[in-house]
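First the proteins, then the strands, lettered A, B, ... as listed; each starts at 1. Note that this is a predicted model, so its numbers are computed, not measured.
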Protein chains: 2
Amino acid sequence: MARKPADQAVNRIDILSAAADVFRRKGYHGAKMADIAAEVKLTAGSLYHHFPDGKQQILMAVLNDGLEQITDNVREIVNDPALQPDEQLRRIVYEHILGLTEHVSIAAALVFETRTLLNDLDNTDARQRYLDARDRFELYFRQVVESGIEKGMFHPVDVAIFTKTMLGAHNWVGVWYRDGGRLSGEEIAEEMAETFLRALRR
Amino acid sequence: MARKPADQAVNRIDILSAAADVFRRKGYHGAKMADIAAEVKLTAGSLYHHFPDGKQQILMAVLNDGLEQITDNVREIVNDPALQPDEQLRRIVYEHILGLTEHVSIAAALVFETRTLLNDLDNTDARQRYLDARDRFELYFRQVVESGIEKGMFHPVDVAIFTKTMLGAHNWVGVWYRDGGRLSGEEIAEEMAETFLRALRR
DNA sequence: TCAGGAATTGAATAGGTATTCGATTCAAGT
DNA sequence: ACTTGAATCGAATACCTATTCAATTCCTGA
(Lines give C-alpha, C1' and ligand atoms only; values in the text may rest on other atoms or scores of the structure.)
Protein backbone atom coordinates (compact mmCIF):
# COMPACT_ATOMS: atom_id res chain seq x y z
CA MET A 1 0.00 0.00 0.00
CA ALA A 2 2.66 2.45 -0.92
CA ARG A 3 4.55 4.09 -3.65
CA LYS A 4 8.28 3.52 -3.96
CA PRO A 5 10.78 6.25 -3.04
CA ALA A 6 12.34 7.77 -6.12
CA ASP A 7 15.66 6.01 -5.82
CA GLN A 8 13.95 2.66 -6.10
CA ALA A 9 11.92 3.67 -9.12
CA VAL A 10 11.17 0.86 -11.50
CA ASN A 11 10.68 1.47 -15.18
CA ARG A 12 9.61 -0.39 -18.25
CA ILE A 13 13.13 -1.41 -19.19
CA ASP A 14 13.82 -2.87 -15.77
CA ILE A 15 10.70 -4.95 -15.96
CA LEU A 16 11.36 -6.20 -19.46
CA SER A 17 14.88 -7.16 -18.62
CA ALA A 18 13.69 -8.95 -15.50
CA ALA A 19 10.99 -10.68 -17.47
CA ALA A 20 13.44 -11.86 -20.12
CA ASP A 21 15.58 -13.28 -17.36
CA VAL A 22 12.74 -15.14 -15.73
CA PHE A 23 11.55 -16.38 -19.13
CA ARG A 24 15.00 -17.77 -19.80
CA ARG A 25 15.10 -19.59 -16.49
CA LYS A 26 11.55 -20.90 -16.36
CA GLY A 27 10.03 -20.35 -19.76
CA TYR A 28 7.02 -18.12 -20.37
CA HIS A 29 4.48 -20.49 -18.89
CA GLY A 30 6.61 -21.34 -15.92
CA ALA A 31 7.20 -17.68 -15.18
CA LYS A 32 4.64 -16.31 -12.76
CA MET A 33 3.78 -12.65 -12.75
CA ALA A 34 4.89 -12.75 -9.13
CA ASP A 35 8.31 -14.04 -10.19
CA ILE A 36 8.83 -11.21 -12.61
CA ALA A 37 7.58 -8.70 -10.09
CA ALA A 38 9.83 -10.04 -7.35
CA GLU A 39 12.84 -9.61 -9.61
CA VAL A 40 12.27 -5.86 -9.51
CA LYS A 41 10.96 -5.75 -5.93
CA LEU A 42 7.33 -5.33 -6.87
CA THR A 43 4.22 -7.41 -6.45
CA ALA A 44 2.32 -9.01 -9.27
CA GLY A 45 -0.48 -6.48 -9.22
CA SER A 46 1.90 -3.59 -9.74
CA LEU A 47 3.00 -4.91 -13.09
CA TYR A 48 -0.42 -4.07 -14.46
CA HIS A 49 0.23 -0.42 -13.95
CA HIS A 50 3.15 -0.64 -16.36
CA PHE A 51 1.64 -3.23 -18.66
CA PRO A 52 -2.16 -3.00 -18.52
CA ASP A 53 -2.54 -5.99 -20.80
CA GLY A 54 -0.55 -8.18 -18.51
CA LYS A 55 1.72 -11.06 -19.20
CA GLN A 56 1.14 -11.27 -22.91
CA GLN A 57 1.96 -7.62 -23.33
CA ILE A 58 5.18 -8.18 -21.44
CA LEU A 59 6.12 -11.06 -23.71
CA MET A 60 5.31 -9.00 -26.75
CA ALA A 61 7.49 -6.16 -25.49
CA VAL A 62 10.38 -8.46 -24.57
CA LEU A 63 10.39 -9.88 -28.07
CA ASN A 64 9.95 -6.63 -29.95
CA ASP A 65 12.54 -4.76 -27.94
CA GLY A 66 14.87 -7.74 -27.92
CA LEU A 67 14.74 -8.29 -31.64
CA GLU A 68 15.35 -4.64 -32.32
CA GLN A 69 18.37 -4.66 -30.08
CA ILE A 70 19.84 -7.67 -31.83
CA THR A 71 18.99 -6.28 -35.25
CA ASP A 72 20.60 -2.89 -34.85
CA ASN A 73 24.22 -3.90 -35.35
CA VAL A 74 23.46 -6.11 -38.29
CA ARG A 75 21.44 -3.49 -40.13
CA GLU A 76 24.28 -1.04 -40.05
CA ILE A 77 26.69 -3.44 -41.66
CA VAL A 78 24.32 -4.45 -44.40
CA ASN A 79 23.66 -0.84 -45.28
CA ASP A 80 27.33 0.01 -45.60
CA PRO A 81 27.93 0.17 -49.37
CA ALA A 82 31.69 0.30 -48.93
CA LEU A 83 31.85 -3.28 -47.74
CA GLN A 84 32.24 -6.31 -49.98
CA PRO A 85 29.92 -9.27 -49.42
CA ASP A 86 32.57 -11.42 -47.83
CA GLU A 87 33.49 -8.79 -45.33
CA GLN A 88 29.84 -8.01 -44.76
CA LEU A 89 29.09 -11.63 -44.10
CA ARG A 90 31.95 -12.00 -41.70
CA ARG A 91 30.77 -8.99 -39.78
CA ILE A 92 27.05 -9.70 -39.59
CA VAL A 93 27.70 -13.24 -38.44
CA TYR A 94 30.17 -11.97 -35.89
CA GLU A 95 27.94 -9.19 -34.61
CA HIS A 96 24.84 -11.30 -34.52
CA ILE A 97 26.45 -14.04 -32.50
CA LEU A 98 28.26 -11.65 -30.23
CA GLY A 99 24.99 -9.85 -29.56
CA LEU A 100 23.31 -13.09 -28.64
CA THR A 101 26.06 -14.08 -26.23
CA GLU A 102 25.89 -10.67 -24.61
CA HIS A 103 22.16 -10.90 -24.10
CA VAL A 104 21.49 -14.53 -23.41
CA SER A 105 18.04 -13.99 -22.02
CA ILE A 106 16.97 -12.14 -25.12
CA ALA A 107 18.54 -14.82 -27.25
CA ALA A 108 16.62 -17.52 -25.44
CA ALA A 109 13.38 -15.57 -25.71
CA LEU A 110 13.81 -15.06 -29.44
CA VAL A 111 14.16 -18.80 -29.90
CA PHE A 112 11.74 -20.24 -27.42
CA GLU A 113 9.14 -17.59 -26.79
CA THR A 114 8.51 -16.73 -30.41
CA ARG A 115 6.75 -20.05 -30.41
CA THR A 116 4.71 -18.99 -27.39
CA LEU A 117 3.75 -15.86 -29.25
CA LEU A 118 2.62 -17.88 -32.21
CA ASN A 119 0.61 -20.22 -30.00
CA ASP A 120 -0.87 -18.00 -27.34
CA LEU A 121 -1.13 -14.46 -28.60
CA ASP A 122 -3.89 -13.15 -30.80
CA ASN A 123 -2.94 -11.77 -34.15
CA THR A 124 -2.58 -8.21 -32.99
CA ASP A 125 -0.78 -5.34 -34.54
CA ALA A 126 2.24 -5.73 -32.31
CA ARG A 127 2.47 -9.41 -33.05
CA GLN A 128 2.49 -8.81 -36.76
CA ARG A 129 5.07 -6.08 -36.41
CA TYR A 130 7.33 -8.54 -34.65
CA LEU A 131 6.92 -11.25 -37.24
CA ASP A 132 7.59 -8.75 -40.01
CA ALA A 133 10.69 -7.48 -38.29
CA ARG A 134 11.84 -11.04 -37.97
CA ASP A 135 11.42 -11.62 -41.68
CA ARG A 136 13.32 -8.46 -42.48
CA PHE A 137 16.12 -9.58 -40.22
CA GLU A 138 16.43 -12.83 -42.10
CA LEU A 139 16.41 -10.84 -45.31
CA TYR A 140 19.57 -9.01 -44.31
CA PHE A 141 21.47 -12.25 -44.24
CA ARG A 142 19.91 -13.46 -47.41
CA GLN A 143 20.81 -10.33 -49.30
CA VAL A 144 24.44 -10.53 -48.37
CA VAL A 145 24.67 -14.12 -49.53
CA GLU A 146 22.85 -13.33 -52.73
CA SER A 147 25.02 -10.39 -53.57
CA GLY A 148 28.15 -12.42 -52.91
CA ILE A 149 26.96 -15.10 -55.27
CA GLU A 150 26.05 -12.61 -57.96
CA LYS A 151 29.48 -11.10 -57.78
CA GLY A 152 31.00 -14.52 -58.13
CA MET A 153 32.62 -14.30 -54.71
CA PHE A 154 30.56 -17.05 -53.08
CA HIS A 155 29.83 -20.61 -53.96
CA PRO A 156 26.36 -20.73 -55.58
CA VAL A 157 24.51 -22.19 -52.60
CA ASP A 158 20.77 -22.32 -52.23
CA VAL A 159 20.31 -18.95 -50.61
CA ALA A 160 17.23 -19.79 -48.59
CA ILE A 161 18.72 -22.95 -47.14
CA PHE A 162 22.07 -21.40 -46.45
CA THR A 163 20.45 -18.50 -44.66
CA LYS A 164 18.35 -20.77 -42.49
CA THR A 165 21.43 -22.83 -41.80
CA MET A 166 23.28 -19.80 -40.52
CA LEU A 167 20.43 -18.46 -38.47
CA GLY A 168 19.73 -21.83 -36.94
CA ALA A 169 23.34 -22.20 -35.89
CA HIS A 170 23.36 -18.67 -34.50
CA ASN A 171 20.14 -19.04 -32.57
CA TRP A 172 21.40 -22.26 -31.09
CA VAL A 173 24.31 -20.37 -29.58
CA GLY A 174 21.79 -18.59 -27.40
CA VAL A 175 20.68 -21.98 -26.14
CA TRP A 176 24.03 -23.46 -25.15
CA TYR A 177 26.26 -20.46 -24.50
CA ARG A 178 27.18 -19.76 -20.90
CA ASP A 179 29.30 -16.99 -19.50
CA GLY A 180 32.62 -18.25 -18.25
CA GLY A 181 32.82 -21.15 -20.68
CA ARG A 182 35.97 -22.23 -22.48
CA LEU A 183 35.54 -19.62 -25.19
CA SER A 184 34.38 -16.03 -25.03
CA GLY A 185 31.51 -14.70 -27.09
CA GLU A 186 34.04 -13.01 -29.34
CA GLU A 187 35.95 -16.21 -29.93
CA ILE A 188 32.83 -18.15 -30.71
CA ALA A 189 31.57 -15.45 -33.04
CA GLU A 190 34.85 -15.36 -34.91
CA GLU A 191 35.14 -19.12 -35.25
CA MET A 192 31.63 -19.39 -36.62
CA ALA A 193 32.04 -16.47 -38.99
CA GLU A 194 35.11 -18.16 -40.45
CA THR A 195 33.25 -21.41 -40.72
CA PHE A 196 30.47 -19.92 -42.79
CA LEU A 197 32.89 -18.02 -44.96
CA ARG A 198 34.70 -21.26 -45.73
CA ALA A 199 31.36 -22.84 -46.57
CA LEU A 200 30.90 -20.09 -49.14
CA ARG A 201 34.31 -20.38 -50.77
CA ARG A 202 34.01 -21.14 -54.45
CA MET B 1 -18.13 -45.75 -19.76
CA ALA B 2 -16.93 -48.55 -21.88
CA ARG B 3 -14.00 -50.30 -23.29
CA LYS B 4 -13.19 -49.84 -26.96
CA PRO B 5 -13.85 -52.62 -29.49
CA ALA B 6 -10.61 -54.27 -30.51
CA ASP B 7 -10.41 -52.61 -33.91
CA GLN B 8 -10.28 -49.20 -32.27
CA ALA B 9 -7.61 -50.20 -29.81
CA VAL B 10 -5.27 -47.44 -28.82
CA ASN B 11 -1.73 -48.15 -27.79
CA ARG B 12 1.22 -46.37 -26.33
CA ILE B 13 2.69 -45.51 -29.71
CA ASP B 14 -0.52 -43.94 -30.93
CA ILE B 15 -0.72 -41.77 -27.88
CA LEU B 16 2.89 -40.65 -28.04
CA SER B 17 2.60 -39.79 -31.68
CA ALA B 18 -0.59 -37.86 -31.00
CA ALA B 19 1.03 -36.11 -28.08
CA ALA B 20 4.04 -35.11 -30.15
CA ASP B 21 1.69 -33.66 -32.72
CA VAL B 22 -0.25 -31.65 -30.19
CA PHE B 23 2.96 -30.50 -28.55
CA ARG B 24 4.18 -29.24 -31.90
CA ARG B 25 1.00 -27.31 -32.53
CA LYS B 26 0.40 -25.87 -29.08
CA GLY B 27 3.52 -26.50 -27.07
CA TYR B 28 3.59 -28.64 -23.94
CA HIS B 29 1.85 -26.15 -21.72
CA GLY B 30 -0.75 -25.27 -24.29
CA ALA B 31 -1.52 -28.93 -24.87
CA LYS B 32 -4.33 -30.13 -22.65
CA MET B 33 -4.62 -33.77 -21.71
CA ALA B 34 -8.03 -33.57 -23.33
CA ASP B 35 -6.43 -32.41 -26.60
CA ILE B 36 -4.07 -35.33 -26.68
CA ALA B 37 -6.84 -37.73 -25.75
CA ALA B 38 -9.16 -36.36 -28.41
CA GLU B 39 -6.51 -36.94 -31.05
CA VAL B 40 -6.84 -40.68 -30.41
CA LYS B 41 -10.56 -40.63 -29.64
CA LEU B 42 -10.19 -40.99 -25.91
CA THR B 43 -10.97 -38.81 -22.95
CA ALA B 44 -8.41 -37.25 -20.68
CA GLY B 45 -8.94 -39.71 -17.87
CA SER B 46 -8.16 -42.67 -20.11
CA LEU B 47 -4.64 -41.48 -20.70
CA TYR B 48 -3.83 -42.27 -17.08
CA HIS B 49 -4.38 -45.91 -17.75
CA HIS B 50 -1.54 -45.87 -20.25
CA PHE B 51 0.58 -43.30 -18.49
CA PRO B 52 -0.13 -43.41 -14.76
CA ASP B 53 2.17 -40.49 -14.08
CA GLY B 54 0.29 -38.28 -16.46
CA LYS B 55 1.41 -35.49 -18.67
CA GLN B 56 5.00 -35.39 -17.55
CA GLN B 57 5.39 -39.08 -18.22
CA ILE B 58 4.02 -38.54 -21.69
CA LEU B 59 6.50 -35.78 -22.36
CA MET B 60 9.32 -37.92 -21.06
CA ALA B 61 8.29 -40.77 -23.32
CA VAL B 62 7.88 -38.55 -26.37
CA LEU B 63 11.39 -37.24 -25.92
CA ASN B 64 13.07 -40.54 -25.12
CA ASP B 65 11.38 -42.42 -27.92
CA GLY B 66 11.82 -39.54 -30.30
CA LEU B 67 15.49 -39.10 -29.65
CA GLU B 68 16.12 -42.79 -30.07
CA GLN B 69 14.34 -42.80 -33.38
CA ILE B 70 16.40 -39.90 -34.65
CA THR B 71 19.59 -41.37 -33.28
CA ASP B 72 19.31 -44.79 -34.83
CA ASN B 73 20.35 -43.92 -38.37
CA VAL B 74 23.23 -41.79 -37.25
CA ARG B 75 24.68 -44.40 -34.91
CA GLU B 76 24.92 -46.95 -37.67
CA ILE B 77 26.96 -44.69 -39.89
CA VAL B 78 29.36 -43.69 -37.18
CA ASN B 79 29.99 -47.30 -36.28
CA ASP B 80 30.81 -48.30 -39.83
CA PRO B 81 34.62 -48.61 -39.87
CA ALA B 82 34.74 -48.84 -43.66
CA LEU B 83 33.71 -45.22 -44.09
CA GLN B 84 36.08 -42.29 -44.23
CA PRO B 85 35.31 -39.24 -42.10
CA ASP B 86 34.19 -37.12 -45.03
CA GLU B 87 31.75 -39.72 -46.22
CA GLN B 88 30.63 -40.34 -42.67
CA LEU B 89 30.00 -36.69 -42.12
CA ARG B 90 28.05 -36.33 -45.31
CA ARG B 91 25.87 -39.24 -44.33
CA ILE B 92 25.18 -38.39 -40.71
CA VAL B 93 24.26 -34.85 -41.62
CA TYR B 94 22.04 -36.12 -44.40
CA GLU B 95 20.36 -38.77 -42.30
CA HIS B 96 19.89 -36.56 -39.30
CA ILE B 97 18.23 -33.81 -41.28
CA LEU B 98 16.17 -36.19 -43.32
CA GLY B 99 14.96 -37.84 -40.14
CA LEU B 100 13.92 -34.51 -38.71
CA THR B 101 11.98 -33.55 -41.80
CA GLU B 102 10.24 -36.90 -41.77
CA HIS B 103 9.20 -36.50 -38.16
CA VAL B 104 8.56 -32.84 -37.71
CA SER B 105 6.67 -33.19 -34.49
CA ILE B 106 9.50 -35.12 -32.91
CA ALA B 107 11.94 -32.58 -34.25
CA ALA B 108 9.97 -29.76 -32.69
CA ALA B 109 9.70 -31.59 -29.39
CA LEU B 110 13.44 -32.23 -29.25
CA VAL B 111 14.08 -28.53 -29.64
CA PHE B 112 11.33 -26.92 -27.64
CA GLU B 113 10.24 -29.45 -25.10
CA THR B 114 13.69 -30.42 -23.92
CA ARG B 115 13.55 -27.06 -22.27
CA THR B 116 10.24 -27.93 -20.67
CA LEU B 117 11.82 -31.10 -19.37
CA LEU B 118 14.67 -29.13 -17.86
CA ASN B 119 12.28 -26.65 -16.26
CA ASP B 120 9.34 -28.73 -15.12
CA LEU B 121 10.43 -32.30 -14.59
CA ASP B 122 12.15 -33.60 -11.50
CA ASN B 123 15.55 -35.11 -11.94
CA THR B 124 14.32 -38.64 -12.32
CA ASP B 125 16.02 -41.61 -13.81
CA ALA B 126 14.25 -41.25 -17.14
CA ARG B 127 15.14 -37.61 -17.35
CA GLN B 128 18.80 -38.33 -16.81
CA ARG B 129 18.73 -41.13 -19.34
CA TYR B 130 17.40 -38.70 -21.91
CA LEU B 131 19.99 -36.06 -21.20
CA ASP B 132 22.74 -38.66 -21.39
CA ALA B 133 21.45 -40.00 -24.67
CA ARG B 134 21.43 -36.47 -25.95
CA ASP B 135 25.06 -35.99 -25.01
CA ARG B 136 26.00 -39.23 -26.68
CA PHE B 137 24.23 -38.13 -29.81
CA GLU B 138 26.25 -34.97 -29.95
CA LEU B 139 29.34 -37.04 -29.40
CA TYR B 140 28.73 -38.97 -32.61
CA PHE B 141 29.06 -35.78 -34.60
CA ARG B 142 32.01 -34.62 -32.63
CA GLN B 143 33.91 -37.85 -33.16
CA VAL B 144 33.51 -37.75 -36.89
CA VAL B 145 34.81 -34.21 -37.04
CA GLU B 146 37.69 -35.03 -34.76
CA SER B 147 38.73 -38.07 -36.69
CA GLY B 148 38.60 -36.13 -39.94
CA ILE B 149 40.87 -33.49 -38.51
CA GLU B 150 43.31 -36.04 -37.16
CA LYS B 151 43.58 -37.64 -40.53
CA GLY B 152 44.23 -34.30 -42.08
CA MET B 153 41.10 -34.47 -44.16
CA PHE B 154 39.29 -31.61 -42.45
CA HIS B 155 40.19 -28.04 -41.70
CA PRO B 156 41.28 -27.86 -38.05
CA VAL B 157 38.15 -26.24 -36.70
CA ASP B 158 37.25 -25.95 -33.05
CA VAL B 159 35.45 -29.25 -32.73
CA ALA B 160 33.03 -28.24 -30.00
CA ILE B 161 31.92 -25.10 -31.78
CA PHE B 162 31.67 -26.74 -35.14
CA THR B 163 29.56 -29.53 -33.73
CA LYS B 164 27.19 -27.12 -32.02
CA THR B 165 27.03 -25.15 -35.24
CA MET B 166 25.92 -28.19 -37.17
CA LEU B 167 23.43 -29.37 -34.60
CA GLY B 168 21.94 -25.92 -34.23
CA ALA B 169 21.44 -25.66 -37.97
CA HIS B 170 19.94 -29.14 -38.07
CA ASN B 171 17.58 -28.59 -35.19
CA TRP B 172 16.41 -25.39 -36.74
CA VAL B 173 15.27 -27.32 -39.78
CA GLY B 174 12.67 -28.92 -37.55
CA VAL B 175 11.39 -25.46 -36.75
CA TRP B 176 10.96 -24.07 -40.24
CA TYR B 177 10.52 -27.12 -42.45
CA ARG B 178 7.06 -27.73 -43.86
CA ASP B 179 5.90 -30.55 -46.09
CA GLY B 180 5.17 -29.37 -49.57
CA GLY B 181 7.69 -26.55 -49.50
CA ARG B 182 9.98 -25.65 -52.37
CA LEU B 183 12.50 -28.33 -51.49
CA SER B 184 12.05 -31.88 -50.26
CA GLY B 185 13.64 -33.16 -47.09
CA GLU B 186 16.17 -35.01 -49.22
CA GLU B 187 17.15 -31.90 -51.12
CA ILE B 188 17.52 -29.88 -47.98
CA ALA B 189 19.55 -32.60 -46.31
CA GLU B 190 21.88 -32.86 -49.27
CA GLU B 191 22.38 -29.14 -49.64
CA MET B 192 23.23 -28.79 -45.97
CA ALA B 193 25.55 -31.79 -45.95
CA GLU B 194 27.50 -30.26 -48.82
CA THR B 195 27.62 -26.94 -47.03
CA PHE B 196 29.20 -28.41 -43.94
CA LEU B 197 31.64 -30.46 -45.96
CA ARG B 198 32.78 -27.31 -47.74
CA ALA B 199 33.18 -25.65 -44.38
CA LEU B 200 35.56 -28.46 -43.45
CA ARG B 201 37.68 -28.38 -46.61
CA ARG B 202 41.27 -27.71 -45.79
C1' DT C 1 -18.84 -70.17 -21.55
C1' DC C 2 -16.97 -67.70 -17.67
C1' DA C 3 -13.90 -65.17 -14.76
C1' DG C 4 -10.93 -61.63 -14.35
C1' DG C 5 -8.27 -58.18 -16.01
C1' DA C 6 -7.85 -54.31 -19.40
C1' DA C 7 -9.59 -50.11 -21.17
C1' DT C 8 -12.57 -46.29 -20.96
C1' DT C 9 -15.72 -42.98 -19.31
C1' DG C 10 -17.46 -38.92 -16.96
C1' DA C 11 -17.91 -36.66 -13.14
C1' DA C 12 -15.79 -34.57 -9.02
C1' DT C 13 -11.51 -32.85 -6.88
C1' DA C 14 -7.65 -29.70 -6.17
C1' DG C 15 -4.52 -26.36 -7.08
C1' DG C 16 -2.54 -22.92 -9.20
C1' DT C 17 -2.05 -18.33 -11.07
C1' DA C 18 -3.40 -14.32 -14.07
C1' DT C 19 -6.10 -10.47 -13.32
C1' DT C 20 -9.00 -6.84 -11.01
C1' DC C 21 -9.57 -3.13 -7.96
C1' DG C 22 -10.15 -0.12 -3.91
C1' DA C 23 -7.06 1.82 -0.59
C1' DT C 24 -2.72 3.93 0.30
C1' DT C 25 1.61 6.56 -0.20
C1' DC C 26 4.98 9.22 -2.63
C1' DA C 27 6.58 12.77 -5.99
C1' DA C 28 6.34 16.99 -8.41
C1' DG C 29 4.41 21.14 -9.78
C1' DT C 30 2.13 25.31 -8.17
C1' DA D 1 2.02 23.48 2.04
C1' DC D 2 -1.47 21.56 -1.05
C1' DT D 3 -3.26 19.18 -4.87
C1' DT D 4 -3.20 15.72 -8.15
C1' DG D 5 -1.80 11.89 -10.37
C1' DA D 6 1.61 8.10 -10.57
C1' DA D 7 2.97 3.78 -8.38
C1' DT D 8 2.22 0.18 -5.29
C1' DC D 9 0.08 -3.10 -2.50
C1' DG D 10 -2.61 -7.10 -1.23
C1' DA D 11 -6.71 -9.41 -0.97
C1' DA D 12 -10.60 -11.23 -3.68
C1' DT D 13 -11.97 -13.03 -8.04
C1' DA D 14 -12.21 -16.32 -11.80
C1' DC D 15 -10.89 -19.61 -14.54
C1' DC D 16 -8.57 -23.27 -16.18
C1' DT D 17 -6.89 -27.90 -16.42
C1' DA D 18 -4.32 -31.94 -14.44
C1' DT D 19 -5.56 -35.67 -11.79
C1' DT D 20 -8.44 -39.17 -9.25
C1' DC D 21 -11.75 -42.76 -9.04
C1' DA D 22 -15.92 -45.57 -8.97
C1' DA D 23 -18.71 -47.59 -12.47
C1' DT D 24 -19.05 -49.85 -16.82
C1' DT D 25 -17.99 -52.63 -20.85
C1' DC D 26 -15.07 -55.38 -23.72
C1' DC D 27 -11.42 -59.02 -24.40
C1' DT D 28 -8.88 -63.09 -23.71
C1' DG D 29 -7.30 -67.18 -21.84
C1' DA D 30 -8.69 -71.43 -19.71
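Taking atom NZ on A:K26 and atom P on C:dT17, their separation rounds to 9 Å, with Å as the unit. Whole-Å rounding puts the A:Y28 OH to C:dT17 P distance at 14 Å. We find that CD of A:Q56 is positioned 14 Å from C1' of C:dT17, with the value rounded to whole Å. In this entry the distance linking CE of A:M33 with C1' of C:dA18 reads 7 Å, nearest Å. Separating the CG atom of B:L47 from the C1' atom of D:dT17 is a distance of 13 Å, rounded to the nearest angstrom. Summarising the geometry, the separation between CZ on B:R12 and P on C:dA6 is reported as 17 Å, rounded to the nearest angstrom. For A:N11 and C:dA27, the CG to C1' distance is 16 Å, given to the nearest whole Å. Between B:Q57 atom CD and D:dT19 atom C1' the separation is 13 Å, expressed in whole Å.
The residue among B:P52 and A:T43 whose nearest nucleotide of DNA chain D lies closer to the 5′ end is A:T43. Nearest-nucleotide mapping onto DNA chain D: of A:A44 and A:H49, the residue sitting toward the 5' end is A:H49.
When distances are taken from the side chain of A:K32 to each of C:dT9, D:dA18, C:dA18, the shortest belongs to C:dA18.
Side-chain atoms of A:E68 and A:N64 include no donor-acceptor pair closer than 3.5 Å. At a cut-off of 3.5 Å, with distance as the only test, a side-chain donor of B:Y130 or B:T114 sits close to an acceptor on the other residue.
Counting heavy-atom neighbours within 6.0 Å of A:E76 CD, excluding the residue itself, gives a total of 12 or less.
Contacts of B:A31 with the nucleic acid, taken as non-hydrogen atoms under 4.0 Å apart, involve only primed sugar atoms and P, OP1 or OP2. Note on B:G45: a base of the nucleic acid sits closer than 4.0 angstrom, heavy atoms only.
Of the side-chain N and O atoms in A:H50, none sit less than 4.0 angstrom from OP1 or OP2 of D:dA6. Between B:S46 and C:dT8, a side-chain N or O to OP1/OP2 separation shorter than 4.0 Å is absent.
Ring geometry for B:F196 against A:F196 counts as tilted: the plane angle lies between 30° and 60°, on a 0 to 90° scale.
For B:F23 against B:E113, the heavy-atom pair with the smallest separation is O-OE2, 3.9 Å.
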